[in-house]
Amino acid sequence: MSGNIEHIHCLIIGSGPAGYTAAIYAARADLKPVLYTGLTPGGQLTETTEVDNFPGYPKGIKGPELMEDLKNQAERFGTQVRFGMVTRADLTANPKRIWIDDTKEVTADAVIIATGASAKWLGLPNETRLRMNAGGVSACAVCDGFFFRGQDVAIVGGGDTAAEEATYLAKLCRKVYMLVRKDKLRASKAMQHRVFNTPNIEVLWNTETVDILGEQSVQGVLVKNNLTGEEKKLDVTGFFVAIGHKPNTDIFKGQLDMDEQGYIKVKPGSTHTNIEGVFAVGDCADKVYRQAVTAAGSGCMGALDAERWLASKEVHAEMA
Ligand code: NDP
C-alpha cells in the first residue's frame, strides 16, 4: 500500500480460461496476482452447458463447473480473486493506474489483460431464452455442433466465421441452412468456395430471422425474405449465430495498439503489447482460434512473459 492506494504486483483483468490460467502460473511464480473478475465471473464458458473439448475431461464438464475448478486452482496458489469491473486505466503511468467500478484506484507493476470477447446476438427474446436454457441456440459450432449430429440446423451470418462454422456443421449435420441477410457473402473467396461446394449447405439469401420456435428446445425457425416479405418455417433443431464477436477492449482504446475491430495487437509469438509491462491474452487478442484451450494456453504465456519482464526490471513483489 502507498497512501490509500493499493499497489498490486501483477494485476490480471478477466476471469475466463485465459485469466485464471495466467493467475495459476503467476501465483506459482510468486507474483502475488490479484484478479478482477469483471461482471461475468468465469467469462463466456459460464454461458455454455457441456464442454467436451477441454483436454483432461474425458466425460465432458459443464462450463460453469470448469470455470469454478480453474478459479479454485488459481486460489489454491494464493491468487486473490475479486469481484469487480475495471472501468478505467492509465497504462502509460508508472506504475500503471487502474480504477475498479469507477471508484477504487489501484496501481500495478504488470498488467495481464484477459477481458475476452463477447459474441454478438440477434437480440430476439426466444434466442436469449433458449440460449440461457441450453435449448439449442449457440454461438459456437465447434463447441456445440456435436449435439446436433444427423439433425438439421440453421446458422446466421455471411462472414468468415459463419462460413467456417457452416462447413464444420455440414460434416456433422444432415442439412445446414445458412441465413444471409444480403445477396452476397462477406466471407473470403476461399471460404465462399467451400460453402458453395458443400452439398448439404443451403444458402438462403436476403433472409432474416423472425423468430426461433420451441418452448424447451429449438423446434424450428421462422425466416423472412427481406425483398419479397415472404415468411417460411425451417424445420431445424439447432440455431447457430455467427454474426461476429466484439472484443472487450474499449477501455484501453487510444493506449494499446489494436486492429480495426478492437482486438489488441501483440508482438508475434508473445503476449507483449505496445506498452511495456502490459500483456494481452485470450480472446481479447485472438480473433482466429477463440477456444477455451487456446485462451488458457495464452494465459500461461502471459504469466511467463510478465514474470520475465518483471525480473528483467528487477521489480519484486512486496513481502506479504
Ligand atoms: P464479420 O463481421 O466479418 O461478419 C459478420 C457477418 O454477420 C456478416 O455477414 C454480417 O452481414 C452478418 N451480420 C451482422 N449482424 C447481423 C444481423 N443482425 N443479422 C444477420 N446477419 C448479421 O464477422 P466474423 O466473425 O465472420 O469475422 C470476424 C473477423 O475474423 C473477420 O475479419 C474475419 O475475416 C476473421 N476470421 C477469420 C477466419 C480465418 O481466417 N480462418 C475465421 C473466422 C473469422 P453483412 O455482410 O450484411 O454485414
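We use all heavy atoms of the structure for the numbers below, so side chains are in, but hydrogens, waters and symmetry mates are not. Ligands are counted one by one from 1 in listed order, and the atoms in each one are counted from 1 as well. Predicted model only: the values in this text are computed from it and were never measured.
- Residue-to-ligand polar distances keep R290 apart from ligand 1: every N/O pair is separated by 3.5 Å or more.
- No N or O atom of K287 sits closer than 3.5 Å to an N or O atom of ligand 1.
- At a heavy-atom distance under 4.0 Å, only side-chain atoms of E164, from C-beta outward, approach ligand 1.
- Proximity of L122 to ligand 1, defined as any heavy-atom pair under 4.0 Å, is confined to the side chain (atoms from C-beta onward).
- The closest approach between a heavy atom of Q261 and any atom of ligand 1 is below 4.0 Å.
- Note: the hydrophobic cluster containing V81 does not contain Y36 (ILVMFWY, side chain heavy atoms under 4.5 Å, direct or indirect links).
- When hydrogens are left out, the protein atom nearest atom 25 (O) of ligand 1 is T161 OG1, 2.6 Å; that is the closest non-hydrogen contact.
- Among G244, G159, A139, the residue whose heavy atom lies nearest to atom 23 (O) of ligand 1 is G244.
- Remark: minimum distance from atom 47 (O) of ligand 1 to any protein heavy atom is reached at R181 NE, 2.9 Å.
- At least one N or O atom of R186 sits closer than 3.5 Å to an N or O atom of ligand 1.
- Contact check for L130 versus F239: no side-chain heavy atoms found under the 4.5 Å cut-off.
- Counting heavy atoms from C-beta outward, F240 and D144 have side chains that approach closer than 4.5 Å.
- The G158 neighbourhood of ligand 1 comprises atoms 6 (C), 7 (O), 8 (C), 9 (O), with distances under 4.0 Å to a heavy atom of that residue.
- The hydrophobic clustering, which links ILVMFWY residues whose side-chain heavy atoms are closer than 4.5 Å, places I275 and V281 apart.
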Audit row: D305, S270, side chain to side chain donor-acceptor pair (under 3.5 Å) steps and yes/no | CA-CA 7 Å; D305 285 343; S270 82; 4.6 Å; no

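- Connection of L91 to V266 is not established within any shared hydrophobic cluster, with ILVMFWY side chains joined at heavy-atom distances below 4.5 Å, either directly or through further cluster members.
- Looking only at atom types and distance, the side chain of T92 has a donor-acceptor partner in the side chain of D90 under 3.5 Å away.
- For atom 40 (O) of ligand 1, no protein non-hydrogen atom is found at a distance below 4.0 Å.
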Given the rule in the side chain to side chain contact (heavy atoms under 4.5 Å, CB included) test, do K171 and T198 qualify, once you have shown the distances and angles that lead to the verdict?
-> CA-CA 9 Å; K171 290 190 196 121; T198 304; over 6 Å; no

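- Ligand-side atoms of ligand 1 in range of V156: 20 (C), range being under 4.0 angstrom from any heavy atom.
- L304 and V278 fall into different hydrophobic clusters, where Ile, Leu, Val, Met, Phe, Trp and Tyr are joined by side-chain heavy atoms under 4.5 Å apart, directly or via other members.
- The protein heavy-atom contact nearest to atom 34 (O) of ligand 1 is D160 OD2, 2.6 Å.
- Among I243, D259, L185, the residue whose heavy atom sits closest to atom 7 (O) of ligand 1 is I243.
- The N/O atoms of G157, backbone and side chain alike, include none that comes under 3.5 Å of an N/O atom in ligand 1.
- Ligand 1 does not have V288 within reach: every non-hydrogen atom of the residue lies 4.0 Å or more from it.
- A donor-acceptor pair shorter than 3.5 Å can be found between the side chains of S217 and Q219.
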